[in-house]
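Values reported hereafter were calculated over all heavy atoms of this structure, with side chains retained and with hydrogens, waters and symmetry mates removed. Position 1 is the first residue of the sequence; numbering continues from there. Counting convention: from 1, in listed order, for ligands and their atoms alike.
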Amino acid sequence: MKKEYYEVLGVGRTATKDEIKKAYRKLALQFHPDKNPDNKDAEDHFKDVNEAYEVLSNDDKRRRYDQFGHAGVGSSAASGGGQPGGGADLNDIFSAFNDMFSGRNRGGGGSPFGFEDAFGGGGGRRRASAGIPGTDLKIRLKLTLEEIAKGVEKTLKIKRQVTCKECNGSGSKSGATENCQTCHGSGEVRQVSKTMFGQFVNVAACPTCGGEGRLIKDRCTSCYGEGIKIGEVTVKVAVPSGVENGNYLTLRGQGNAGPRGGAAGDLIVVIEEIPHELFSRNGDDVIYNLAVSFPDLVLGTKVDVPTLDGAVKLTIPPSTQPETMLRIQGHGIGHLRGSSRGDQYVKVNVFVPKELSHQDKELLKEMKKSSGISPSAHNDKNAKGFFEKARDIFS
Ligand SMILES: [Zn+2]
Ligand SMILES: [Zn+2]
């Protein structure tokens with residue numbers, strides 16, 4: 001059975017047009033598919049609500065419906081049976097809905113308004129008395145590893161929309177406004193259009209005043225009446241230590257100023273780490289590759305090693321093996337939470353020269369004569385063990 005239209009909207013049979021409209025707005029918003037993704041029940045409800053409103057908001061149809069029921073109002077409405085609005089294209093409903101609620105769309109581009117904005121003030125008609133909200137602004141901030149290690153305060157010069165100083169953001173030189181003649185101050189215009197259901201009343205934001213209901217007199221020549229203009233501002237950002245690529249900081253109200261007195265958007269600062277030429281990062285630790293000569297590895301030595309805080313003396317103990325990681329405590333990156341820092345790891349490797357003087361070559365040949373520097377002198381047993389094992393496997 002098809003549902004009773006007054007029941008669908010939850011109003012009495014004597015409801016006024018305004019009551020019907022209010023009920024419709026509330027329900028359409030509640031069951032709008034954008035708010036109920038993949039919810040078939042909500043979608044059906046949304047269709048029912050639209051169908052009911054389409055009939056009850058039209059004097060002629062409402063009269064016929066009151067008199068004859070569903071049979072009195074159009075074929076698509078009457079033929080529904082178990083599938084209400086079966087012939088209706090959901091997209092048509094959406095476009096009608098969008099016209100009604102997001103009509104502020106002046107240039108045909110994306111409307112910056114959510115439904116909450118369109119409904120703001122409990123159905124109040126002059127919707128934008130507080131101006132239009134400014135948009136968020138996103139910028140990238142490149143930081144060195146040194147800056148990330150200890151945290152840094154940066155002063156940024158950014159271009160953004162700022163409140164026009166000439167008119168204090170009002171858009172008018174003298175601050176004067178006048179009632180919009182197109183919509184007579186209501187901010188809305190009504191258009192009757194034909195849809196699958198028959199006639200449909202679209203209530204859209206007035207194209208002349210953009211829904212504000214008022215027009216600026218004495219338009220400010222500096223901002224062309226927008227109340228905002230592009231300007232350059234300096235913003236201070238305190239970046240804590242330990243941030244990583246892709247982390248972002250949100251600075252409330254530091255984004256673009258809103259046209260004609262609207263609240264400013266946010267400034268979103270996205271962190272980008274500049275790769276360091278000496279260090280690589282592993283969480284809050286840094287890794288440094290150090291090449292040491294063979295004699296130094298064997299005999300041990302002290303070397304100056306760069307850190308994020310300047311050079312530090314590092315002891316290479318005797319008989320240090322290649323690939324050994326030596327730790328310099330507390331010279332890593334400051335933890336995002338807490339005051340301590342990570343460590344620096346020094347990965348020690350053998351330096352193998354590519355070019356040698358005649359004298360160096362002679363010295364190395366001399367060194368080779370010593371049996372003590374060859375692995376066989378130290379690993380004889382292991383080596384034999386290995387060859388014996390290999391024989392076992394392959395024989
Ligand atoms: Zn208007
Ligand atoms: Zn201005």
Side-chain angles (χ1 to χ4, degrees), residues 17-18 21-22 24-25 29 57 95-137 157-193 199-235 253-267:
K17 286 190 96 167
D18 259 350
K21 187 169 158 187
K22 261 187 196 159
Y24 167 66
R25 285 190 167 199
L29 179 63
S57 62
S95 64
F97 181 89
N98 288 335
D99 282 347
M100 179 163 179
F101 291 112
S102 305
R104 299 170 132 272
N105 228 343
R106 271 178 275 182
S111 164
F113 296 91
F115 292 118
E116 289 79 4
D117 291 297
F119 288 121
R125 306 189 87 182
R126 206 157 297 157
R127 291 174 292 188
S129 55
I132 299 164
T135 51
D136 291 345
L137 198 60
K157 265 199 163 69
I158 55 168
K159 277 205 165 84
R160 74 174 183 205
Q161 281 165 339
V162 295
T163 302
C164 173
K165 284 199 183 86
E166 307 296 319
C167 62
N168 268 327
S170 70
S172 158
K173 263 188 222 165
S174 57
T177 58
E178 60 186 351
N179 249 7
C180 171
Q181 290 307 302
T182 309
C183 63
H184 306 289
S186 73
E188 293 174 340
V189 288
R190 286 150 189 266
Q191 283 172 323
V192 179
S193 62
Q199 284 197 336
F200 195 98
V201 181
N202 285 332
V203 182
C206 170
T208 308
C209 61
E212 289 178 71
R214 300 193 73 74
L215 290 171
I216 292 153
K217 268 173 103 171
D218 210 5
R219 194 170 281 263
C220 171
T221 48
S222 178
C223 64
Y224 306 102
E226 288 295 303
I228 49 170
K229 53 195 290 190
I230 291 293
E232 199 174 61
V233 291
T234 51
V235 175
Q254 299 272 24
N256 285 316
R260 290 185 291 284
D266 298 335
L267 176 64

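- At the Zn ion (ligand 1), the angle from SG in Cys180 to SG in Cys206 is 110° when rounded to 10°.
- Taking the Zn ion (ligand 2) as the apex, the angle formed with SG of Cys167 and SG of Cys164 is 110°, to the nearest 10 degrees.
- Between the side chains of Lys217 and Ser174, no donor-acceptor pair is found at a separation under 3.5 Å.
- Remark: the backbone N or O of Gly185 is not paired with any side-chain donor or acceptor of Asn179 at under 3.5 angstrom.
- Under a 4.0 Å N-O distance rule, the pair Arg260/Glu212 qualifies as a salt bridge.
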Problem set entry | Trace of the side chain to side chain contact (heavy atoms under 4.5 Å, CB included) decision for Thr163 with Asn168 | CA-CA 7 Å; Thr163 302; Asn168 268 327; 5.7 Å; no
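- Atoms SG of Cys209 and SG of Cys183, as seen from the Zn ion (ligand 1), are separated by an angle of 110°, to the nearest 10°.
- Geometry note: the Zn ion (ligand 2) is the vertex, Cys223 SG and Cys220 SG are the arms, and the angle is 100° (rounded to 10 degrees).
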